[in-house]
Amino acid sequence: MQSITIQAPDDWHLHFRDGSFLIETVAATARCFKRAIVMPNLTPPITTVEMAQEYKNRILQAVPDNADFDPLMTLYLTNATTSKTIIEAKEAGIKAIKYYPAGATTNSDSAVKQIESLYPVLQTMSDEGILLLIHGEVTHHDVDIFDREAMFIETVLNKIVQSFPDLKIVLEHITTKDAVEFVSQSGKNIAATITPQHLLLNRNDLLVGGIRPHNYCLPVLKRNTHQIALQQAVASGSSKFFLGTDSAPHEQYKKESSCGCAGCYSAWSALELYAQVFEDLDALDKLEGFASFYGADFYGFKRNEGKVRLIKEDWQVPKSITLPNGNPITPFFAGETLSWKVKE
Ligand code: DOR
Ligand code: ZN
């Protein structure tokens with residue numbers, strides 16, 4: 001196949017950051033995605049409708065003139081979130097709330113310590129049709145980092161799903177066979193996003209032959225049997241699995257450090273990398289559903305109008321990108337040659 005044209009896609013999970021990052025990150029996403037679910041883990045986190053509206057305005061100011069892009073805002077769940085916040089969010093058109101277990105990842109210190117104490121808030125979300133987006137990892141020191149997702153499903157998510165059978169939940173950036181099975185076997189109100197890195201890589205790509213900090217993200221890459229389960233999930237064409245890049249930029253010096261940040265900045269190449277994955281799985285015909293239909297359907301949005309065309313053409317992902325603040329950032333797959341390219 002030399003080209004593929006799909007309905008314009010959306011990114012159902014990403015991080016734009018703020019301030020001088022926005023000129024770079026918003027343009028990189030708006031080059032091919034029409035909408036994106038914007039993560040609220042800024043410092044301080046986006047916890048109120050007012051903060052979300054101000055953040056949205058800053059994002060919109062960074063959208064290039066020739067682009068048509070709609071940021072979909074989220075709020076950050078904390079132990080101080082109330083049902084009133086949920087009602088206000090709904091009235092302001094906010095569709096989803098992000099639940100980070102405290103300490104799970106970048107800027108999650110102020111996140112949820114006891115999800116049970118927020119059950120009244122989850123009930124309001126369920127009643128109002130607001131989605132719960134979950135970073136599904138336990139954070140106890142005694143649980144091995146490779147087991148944290150499976151343990152979260154067993155000890156936390158199961159209870160939430162049983163307590164709120166109608167609550168719409170997206171288990172974000174899933175990394176394990178356990179998560180694929182859980183989502184597949186759950187009701188139609190449970191779905192998952194999958195990143196390019198978790199489809200393309202496994203933990204050997206992080207640790208063999210030297211530590212590769214630009215492949216480090218959370219949840220961390222798992223063993224190849226889990227990678228294969230994720231590939232099978234997307235190749236199956238199940239509408240429960242859809243595109244969420246988790247593009248998560250950190251300046252180079254923060255990644256290449258003795259305590260490096262988690263996150264892959266994939267916006268420059270994500271759609272092309274997904275195309276590569278689907279082609280390698282002999283499932284290119286399933287790319288459009290994954291990238292452009294299932295997420296919108298699950299969120300209850302109209303599918304996009306317009307098309308995006310990918311052509312077979314070798315190109316090289318830049319080795320480095322300079323942020324407007326002058327600092328370099330290393331994109332995901334930096335310097336690699338990709339064989340699919342979004343036609344501008
Ligand atoms: O790798 C990650 N980076 N995982 C997350 O959940 C957060 C993200 C970030 O904000 O950098
Ligand atoms: Zn994320």
Chemist: So for atom CZ, which belongs to Arg58, do other residues, nucleotides or ligands contribute more than 12 heavy atoms lying within a distance under 6.0 Å?
Modeler: yes
Chemist: Check the pair Glu336, Trp315 against side chain to side chain donor-acceptor pair (under 3.5 Å), reporting the backbone distance first and the verdict last.
Modeler: CA-CA 8 Å; Glu336 300 286 330; Trp315 65 287; over 6 Å; no
Chemist: Could you tell me whether a side-chain N or O of Ser292 sits under 3.5 Å from a main-chain N or O of Gly289, the two making a donor and an acceptor?
Modeler: no
Chemist: Using the side-chain contact (heavy atoms from CB on, under 4.5 Å) rule, take Thr47 and Thr81 through it: C-alpha gap first, then chi angles, then the decisive distance, then the call.
Modeler: CA-CA 8 Å; Thr47 52; Thr81 306; 5.9 Å; no
Chemist: Is it true that Thr245 and Asp11 share a donor-acceptor pair across their side chains at a distance under 3.5 Å?
Modeler: yes
Chemist: Indicate the ring-plane relationship of Tyr299 and Phe242, choosing parallel, tilted or perpendicular according to the 30° and 60° boundaries.
Modeler: perpendicular
Chemist: Parallel, tilted or perpendicular for Phe164 and Tyr119, by the 30°/60° rule?
Modeler: perpendicular
Chemist: Should the pair Lys84-Glu88 be classified as a salt bridge under the 4.0 Å nitrogen-to-oxygen rule?
Modeler: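 Answer for the salt bridge query: yes.
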Chemist: Which distance, rounded to the nearest 0.5 Å, do you find between the OG of Ser236 and the CD of Gln231?
Modeler: 12.5 Å
Chemist: With a 4.5 Å cut-off on side-chain heavy atoms, are Val317 and Leu338 touching?
Modeler: yes
Chemist: Angle class for the Phe278/Phe290 ring planes (parallel below 30°, perpendicular above 60°, tilted otherwise)?
Modeler: tilted
Chemist: State, with a plain yes or no, whether a side-chain heavy atom of Val112 is found less than 4.5 Å away from one of Leu77.
Modeler: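 Yes, close enough: below the 4.5 Å cut-off.
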Chemist: Any donor-acceptor pair under 3.5 Å linking the side-chain atoms of Ser339 with those of Gln276?
Modeler: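 Result is yes, a qualifying pair exists.
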Chemist: With a sphere of 6.0 Å drawn around NZ of Lys159, does it hold more than 12 non-hydrogen atoms of other residues, nucleotides or ligands?
Modeler: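 Count not over threshold, so no.
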Chemist: Tyr216 ring centre to Lys255 NZ or CZ under 6.0 Å, with the angle to the axis within 45°?
Modeler: no
Chemist: State the NZ-SG distance between Lys254 and Cys261, to the nearest 0.5 angstrom.
Modeler: 6.5 Å
Chemist: Do His173 and His13 make the cut of ring centroids closer than 6.0 angstrom?
Modeler: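 Ring-ring flag for His173/His13: true, centres closer than 6.0 Å.
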Chemist: Looking at Lys34 and Asp68, is there a salt bridge between them, counting it only when a charged N and a carboxylate O are closer than 4.0 Å?
Modeler: yes
Chemist: Within a strict 4.5 Å, meaning less than it, do heavy atoms of the Leu271 and Leu243 side chains meet?
Modeler: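 Contact flag for Leu271/Leu243 side chains = yes.
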Chemist: Consider only side-chain N and O atoms of Thr322 and Asn327, and report whether a donor and an acceptor are under 3.5 Å apart.
Modeler: no
Chemist: Testing Ile145, Thr195, Thr175 one by one against Pro219 for a side chain to side chain contact (heavy atoms under 4.5 Å, CB included), which residue passes?
Modeler: Thr175
Chemist: Any sub-3.5 Å donor-acceptor pair from Ser247's side-chain atoms to Ser266's backbone N or O?
Modeler: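 Indeed, once roles are kept as given, a pair shorter than 3.5 Å links the two residues.
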Chemist: So His214 and Gln252, side chain to side chain donor-acceptor pair (under 3.5 Å) or not? Walk me through it.
Modeler: CA-CA 9 Å; His214 300 292; Gln252 185 186 347; 5.6 Å; no
Chemist: Quick one, Thr74 with Leu133, criterion side-chain contact (heavy atoms from CB on, under 4.5 Å). Give me CA distance, side-chain angles, the key distance, then yes/no.
Modeler: CA-CA 9 Å; Thr74 61; Leu133 314 181; 4.0 Å; yes
Chemist: Report yes if some heavy atom in the side chain of Tyr99 is under 4.5 Å from a heavy atom in the side chain of Tyr76; otherwise report no.
Modeler: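 No; the side chains remain at least 4.5 Å from each other.
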Chemist: If we only count heavy atoms from C-beta on, is the Met125 to Lys168 side-chain gap below 4.5 Å?
Modeler: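 Contact flag for Met125/Lys168 side chains = no.
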Chemist: Any chance you could measure Leu122, atom CG, to Ile97, atom CD1, to the nearest 0.5 Å?
Modeler: 10.0 Å
Chemist: Tell me which one of Gln227, Glu149, Lys222, His198 satisfies side-chain hydrogen bond (donor to acceptor under 3.5 Å, both in side chains) with Thr176.
Modeler: Glu149
Chemist: Answer yes or no: does atom CG of Asp314 have more than 12 heavy-atom neighbours from other residues, nucleotides or ligands under 6.0 Å?
Modeler: yes
Chemist: Take His250 and Arg17 through the test side chain to side chain donor-acceptor pair (under 3.5 Å) and record every step on the way to the result.
Modeler: CA-CA 9 Å; His250 293 279; Arg17 313 301 187 205; 3.1 Å; yes
Chemist: Show the numbers, then the answer: is there a side-chain contact (heavy atoms from CB on, under 4.5 Å) between Val308 and Val342?
Modeler: CA-CA 7 Å; Val308 165; Val342 170; 4.0 Å; yes
Chemist: Does Phe146 have Arg223 sitting over its ring (NZ/CZ under 6.0 Å from centre, angle to axis within 45°)?
Modeler: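 That pair does not qualify as a cation-pi contact.
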Chemist: Would you please test Gln61 and Asn57 for side chain to side chain donor-acceptor pair (under 3.5 Å) and show each step?
Modeler: CA-CA 6 Å; Gln61 279 168 20; Asn57 288 338; over 6 Å; no
Chemist: Are Ile329 and Val26 co-members of a hydrophobic cluster defined by side-chain heavy atoms under 4.5 Å apart?
Modeler: no
Chemist: Around Lys240, counting heavy atoms of other residues, nucleotides and ligands shown, do more than 12 lie under 6.0 Å from its NZ?
Modeler: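 Counting neighbours around NZ of Lys240, more than 12 heavy atoms of other residues, nucleotides or ligands fall under 6.0 Å, so yes.
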Chemist: Run the numbers on Glu279 and Trp340 for side-chain contact (heavy atoms from CB on, under 4.5 Å), then give the verdict.
Modeler: CA-CA 10 Å; Glu279 183 179 42; Trp340 285 99; 3.1 Å; yes
Chemist: Val38 pairs by side chain to side chain contact (heavy atoms under 4.5 Å, CB included) with which of Met73, Lys56, Lys98?
Modeler: Met73
Chemist: Say you draw a straight line from CD of Glu313 to OG of Ser3; how long is it, rounded to the nearest 0.5 Å?
Modeler: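 Those atoms lie 11.5 Å apart.
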Chemist: Look at the side chain of Thr193 and the backbone N and O of Gly244, then say whether any donor-acceptor pair between them is shorter than 3.5 Å.
Modeler: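 Looks like no, no N/O pair under 3.5 Å.
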Chemist: Linking I/L/V/M/F/W/Y whenever their side-chain heavy atoms sit closer than 4.5 Å, directly or via other members, would Ile311 and Leu273 fall into one cluster?
Modeler: no
Chemist: Under a 4.0 Å threshold between the charged nitrogen and the carboxylate oxygen, would Glu272 count as salt-bridged to Arg31?
Modeler: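 Result for this pair is yes, salt bridge flagged.
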Chemist: Linking I/L/V/M/F/W/Y whenever their side-chain heavy atoms sit closer than 4.5 Å, directly or via other members, would Val180 and Met151 fall into one cluster?
Modeler: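 Same hydrophobic cluster.
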Chemist: For Glu128, I'd like to know if atom CD has over 12 heavy atoms of other residues, nucleotides or ligands within 6.0 Å.
Modeler: yes
Chemist: With a 4.5 Å cut-off on side-chain heavy atoms, are Pro101 and Phe152 touching?
Modeler: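 A side-chain contact under 4.5 Å exists here.
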Chemist: Under a 3.5 Å cutoff, is there a donor and acceptor pairing between the side chains of Asn304 and Asp10?
Modeler: yes
Chemist: Parallel under 30°, tilted from 30 to 60°, perpendicular over 60°: which one fits the rings of His135 and Tyr100?
Modeler: tilted
Chemist: How long is the span from the CG atom in Asn325 to the CD atom in Glu24, to the nearest 0.5 Å?
Modeler: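 If I round to the nearest 0.5 Å, the distance is 10.5 Å.
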Chemist: Can you tell me how far the CZ atom of Phe333 sits from the CG atom of Leu201, to the nearest 0.5 Å?
Modeler: 5.0 Å
Chemist: Side chains of His226 and Arg203: is there a donor and an acceptor less than 3.5 Å apart?
Modeler: no
